[in-house]
Amino acid sequence: MAAVCVFCASSRTLDQRWLDLATETGAELARRGHTLVSGGGCVGMMGAVVDGARSAGGRTVGVIPQALVDLEVADLASDELLVTDSMADRKTLMIDRSDAFLALPGGLGTLDELFEVWTTATLVLHAKPMVLIDADGFYRPLLDWLHTITDQHFLKPAGLDLLTVVTTVPEALKALESHLP
């Protein structure tokens, strides 16, 4: 099966619904036999997604910079924990170790990771599937803006089409799996 990288929030102050979404995502990835690649943290949605994967017998790979290990937020229960020198190295390694990408709700870090993987796809540096879960319309304002910049020719429609947008975990996994070799 595939190594699926999940981008999501690591905030400790999120509503329970977001933690539940992350737990469901991790568990569903594991049930389908996929390996979870995460940012290597044990807090917020990041912690919930790895807990969900492990609760369903899944394999987890965490990729985390040393600075976050030093803050004691590393997922030390990962089957494989890869420690990098920087956030930039972390993103590169996450991209290299993954066959597909799934973005859940998150903040700047999540957007940074999503845009990095999306930008490299538009430059044809990889052809790995990317799916965004727009649960409860979380990403609707961002998606509206992306359509606006596409209409204004700042983003090619083909670039916009590289990102599949769904609203549920089952839809996300179906979309990812349909694009895997």
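Along the sequence shown, residues are numbered consecutively beginning with 1. Keep in mind that the numbers below use all heavy atoms, side chains included, and drop hydrogens, waters and symmetry copies.
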Please tell me if the side chains of [X] and [Y] come closer than 4.5 Å, counting only heavy atoms from C-beta onward.
{"X": "Thr23", "Y": "Asp51", "result": "no"}
{"X": "Trp118", "Y": "Leu111", "result": "no"}
{"X": "Lys91", "Y": "Asp112", "result": "yes"}
{"X": "Phe7", "Y": "Glu116", "result": "no"}
{"X": "Leu21", "Y": "Val169", "result": "yes"}
{"X": "Arg32", "Y": "Leu176", "result": "no"}
{"X": "Leu132", "Y": "Tyr139", "result": "yes"}
{"X": "Leu114", "Y": "Leu163", "result": "yes"}

Considering non-hydrogen atoms only, spot the tightest contact between [X] and [Y] and give its length.
{"X": "Ser10", "Y": "Val43", "answer": "O-CG2, 3.3 Å"}
{"X": "Ala9", "Y": "Gly106", "answer": "CB-CA, 3.8 Å"}
{"X": "Thr60", "Y": "Ala77", "answer": "OG1-O, 4.5 Å"}
{"X": "Ser38", "Y": "Val50", "answer": "OG-CG1, 3.6 Å"}
{"X": "Pro170", "Y": "Glu24", "answer": "CD-OE2, 4.0 Å"}
{"X": "Thr119", "Y": "Thr122", "answer": "O-OG1, 2.7 Å"}

Give a yes or no answer on whether the side chain of [X] reaches the backbone of [Y] with a donor-acceptor pair at less than 3.5 Å.
{"X": "Arg97", "Y": "Ala3", "value": "no"}
{"X": "His34", "Y": "Glu177", "value": "no"}
{"X": "Trp18", "Y": "Gly44", "value": "no"}

Side-chain heavy atoms nearer than 4.5 Å, only ILVMFWY residues, links allowed to pass through others: does that put [X] and [Y] together?
{"X": "Leu108", "Y": "Trp145", "value": "no"}
{"X": "Leu81", "Y": "Leu36", "value": "no"}
{"X": "Leu180", "Y": "Phe101", "value": "no"}
{"X": "Leu162", "Y": "Phe115", "value": "yes"}
{"X": "Ile149", "Y": "Val165", "value": "yes"}

Look up atom [atom1] in [X] and atom [atom2] in [Y], then write down how far apart they are to the nearest 0.5 Å.
{"X": "Leu146", "Y": "Asp151", "atom1": "CG", "atom2": "CG", "result": "11.0 Å"}
{"X": "Asp161", "Y": "Lys156", "atom1": "CG", "atom2": "NZ", "result": "13.0 Å"}
{"X": "Arg90", "Y": "Ile95", "atom1": "CZ", "atom2": "CD1", "result": "12.0 Å"}
{"X": "Cys5", "Y": "Glu113", "atom1": "SG", "atom2": "CD", "result": "6.5 Å"}
{"X": "Met46", "Y": "Ile64", "atom1": "CE", "atom2": "CD1", "result": "7.5 Å"}
{"X": "Thr164", "Y": "Ile133", "atom1": "OG1", "atom2": "CD1", "result": "11.5 Å"}

Lys/Arg-Asp/Glu bridge criterion (N-O < 4.0 Å) met for Glu28, Arg31: yes

Salt-bridge contact Asp20-Arg17 (side-chain N to carboxylate O under 4.0 Å): no

Residue pair Leu19, Met45: steps toward the side chain to side chain contact (heavy atoms under 4.5 Å, CB included) verdict: CA-CA 5 Å; Leu19 300 173; Met45 291 176 73; 4.2 Å; yes

Check against side chain to side chain contact (heavy atoms under 4.5 Å, CB included), Val6 and Leu29: CA-CA 10 Å; Val6 175; Leu29 284 167; 3.7 Å; yes

Pair Val131-His179, side chain to side chain contact (heavy atoms under 4.5 Å, CB included): steps then yes or no: CA-CA 10 Å; Val131 175; His179 290 93; over 6 Å; no

Among Val83, Leu93, Asp96, side chain to side chain contact (heavy atoms under 4.5 Å, CB included) partner for Val63: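 That would be Leu93.
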
Does [X], at its [atom1] atom, have more than 12 non-hydrogen atoms belonging to other residues, nucleotides or ligands within less than 6.0 Å?
{"X": "Leu123", "atom1": "CG", "answer": "yes"}
{"X": "Asp144", "atom1": "CG", "answer": "yes"}
{"X": "Glu72", "atom1": "CD", "answer": "no"}

Pair Thr167, Glu171: side-chain N/O donor-acceptor within cut-off below 3.5 Å: yes

Intermediate values then yes/no, side chain to side chain contact (heavy atoms under 4.5 Å, CB included), Val73 and Arg12: CA-CA 11 Å; Val73 296; Arg12 298 175 193 255; 3.3 Å; yes

